Amino acid sequence: MNPLGILIKMRLLVMLVVIMTPICLHAATDSPTGLMVEKITIGEDTIPTGKDQLIEVVVKNYSAKNQTVVVKLMMTMPNQLIMTFGKKRIIAKAKTDTRALLVYPVGKRGAGGYFVAARVFSTTGKLLASSMEDQKMRFFAADANHSPPAQTVSQDKPVTTQAVNMKEQESIPTGPKKVTFDPPDLFIEELSVSNNNSILRGETAHIKLVVTNDGGDVAENVEFFASWYYQHRPKRMIRFYEDKIRIIAPGERKIMHLPLTIPEQEQKGKYLVEAVIDSSNYIKETNEDNNSLTSKEFINFSDIALEFPGESHSFAEDGRFIFQWRSKQYNQFKVQISADEQFLDTDSIFELPKGDKWESAKMIQPLEGEMPALAISLMESNDINYLFWRVRAKNSQGETTVSTARKFFISLTAKPK
């Protein structure tokens, strides 16, 4: 090839390198999953053995959709063994940074230097992103026999002014370097009742309590308690459960199931449950006004507990109709259907079974002529699209009682024109 051809070829190669360089750099920094580990931060450079080290991993999501991921730590131990630790599930929000805080407990015999790296996985275990080598963080766990190594200046190199200044700074005793996180923010996310919100005298229900830390720091020894009260006596609160949450990290949800037994001698009716966390304000939070919650639905406390259908259940017109309940003190039953929630209008009520008949089972499946025909007729005559049901019960001594009432619907089948 002549010299001119060689020169042209070299210039083309140079241009190609210039054009491809940004593409290569972009490919190196932009993960195909849209995720990358942005930063790792440790709580303290030096901590005593037997203590917890706070480690924050910032996950950056470049993609346009939220991704549920699991963050794990890669810990290089003092003996140079590498182990995987933690399993923090977070939602990496689109086009932003999301923080995951993990707590690593240093053993009492775990003195020495640690290196911290991070990896991000999908919920199915697929690796999505890893921290870079230069993002590793180091901390030292010290005990009575091990202290962090002092920084020294090599004798083989001339001591510069900068090195002298560093020596002067090292001679000044300072405490361990700490990272300041935003305060925790605790709130009750959910307070709900099992047993379909209907319990019998002496029966135990379970309250689902969900506490969330929406702040930036760990909260420890979080006190909480739960109380019940009759709807017409809100000032007479009876505390039935109290405990502590040992530790709750930012973004973490603690789900607890609390047993509740309202004494048999309490009057029948509707009850509510209230839960309170950190009532003494022991923990400094960004918001102190969201630490209590009252259940949205009443607990129906009686001698008859309704099971099915639940509140506002919708039956299909051509589907299966069934009514179920529980009772210990009564053995004869009727289901009453009414357009009146209070069951005061006798003209708007029909019973199953009809007349003087009673049912000994705790379930009734109406006949075709009874449901939905009678129910639809009752809705049409009262110009409504819903009805109420309750159970009337009788015991061996002839004493009768009724349960609370529940609303239900019937989805009518479209009639051909």
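In this text the structure is predicted, and so the values were computed from the model without any measurement.
- Under the 3.5 Å distance criterion, with hydrogens and angles disregarded, no donor-acceptor pair is assigned to the side chains of T33 and K126.
- Contacts of D278 classified as side chain to side chain donor-acceptor pair (under 3.5 Å), with partners at least two apart in sequence or in another chain: none.
- Considering only heavy atoms from C-beta on, M75 stays 4.5 Å or farther from Q53 through its side chain.
- Summarising the local packing, CD1 of I384 is surrounded by more than 12 heavy atoms from other residues, nucleotides or ligands at distances under 6.0 Å.
- Residues F323 and F321 keep their aromatic ring centres 6.0 Å or farther apart.
- The distance from atom CE of M77 to atom CD1 of I82, rounded to the nearest 0.5 Å, is 11.0 Å.
- In this model, a donor atom of one side chain and an acceptor atom of the other lie less than 3.5 Å apart for S314 and S411.
- Between L191 and V273, the shortest heavy-atom contact is CD2-O, 3.4 Å.
- For N213 (side chain) and I248 (main-chain N/O), a donor-acceptor pair under 3.5 Å exists by modelled atom type.
- A salt bridge links K254 with E252: the distance from a Lys NZ or Arg NE/NH1/NH2 to an Asp or Glu carboxylate oxygen falls below 4.0 Å.
- At least one side-chain heavy atom of Y271 sits less than 4.5 Å from a side-chain heavy atom of I262.
- Salt-bridge check for E44 with K51: failed, with every basic side-chain N at 4.0 Å or more from each acidic carboxylate O.
- Environment of CZ in F85: crowded, with over 12 heavy atoms of neighbouring residues, nucleotides or ligands closer than 6.0 Å.
- At least one donor-acceptor pair under 3.5 Å links the side chain of E285 to the backbone N or O of L186.
- S338 places a side-chain N or O within 3.5 Å of a backbone atom of D340 that can act as its donor or acceptor partner.
- No more than 12 heavy atoms of other residues, nucleotides or ligands shown are found within 6.0 angstrom of CD on E297.
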N/O donor to acceptor pairs below 3.5 angstrom from side-chain atoms of residues 96-121, sequence neighbours left out:
| unit_1 | atom_1 | unit_2 | atom_2 | d |
| --- | --- | --- | --- | --- |
| D97 | OD1 | K60 | NZ | 3.2 |
| T98 | OG1 | K93 | N | 3.1 |
| Y114 | OH | G110 | O | 2.5 |

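- Residue D383 places its CG atom among 12 or fewer non-hydrogen atoms of other residues, nucleotides or ligands, all under 6.0 Å distant.
- Between R236 and E266, at least one side-chain N (NZ, or NE/NH1/NH2) sits under 4.0 Å from a carboxylate O, which counts as a salt bridge.
- The structure places CG of L73 at 9.0 Å from OG1 of T84, a figure rounded to the nearest 0.5 Å.
- No side-chain donor from either of E223 and Y282 sits under 3.5 Å from a side-chain acceptor of the other.
- L293 places none of its side-chain heavy atoms less than 4.5 Å from the side chain of L209.
- Atom OG in S348 sits 13.0 Å away from atom CE in M379 (nearest 0.5 Å).
- With hydrogens and angles ignored, the 3.5 Å screen pairs no side-chain donor or acceptor of K39 with any backbone N or O of Q135.
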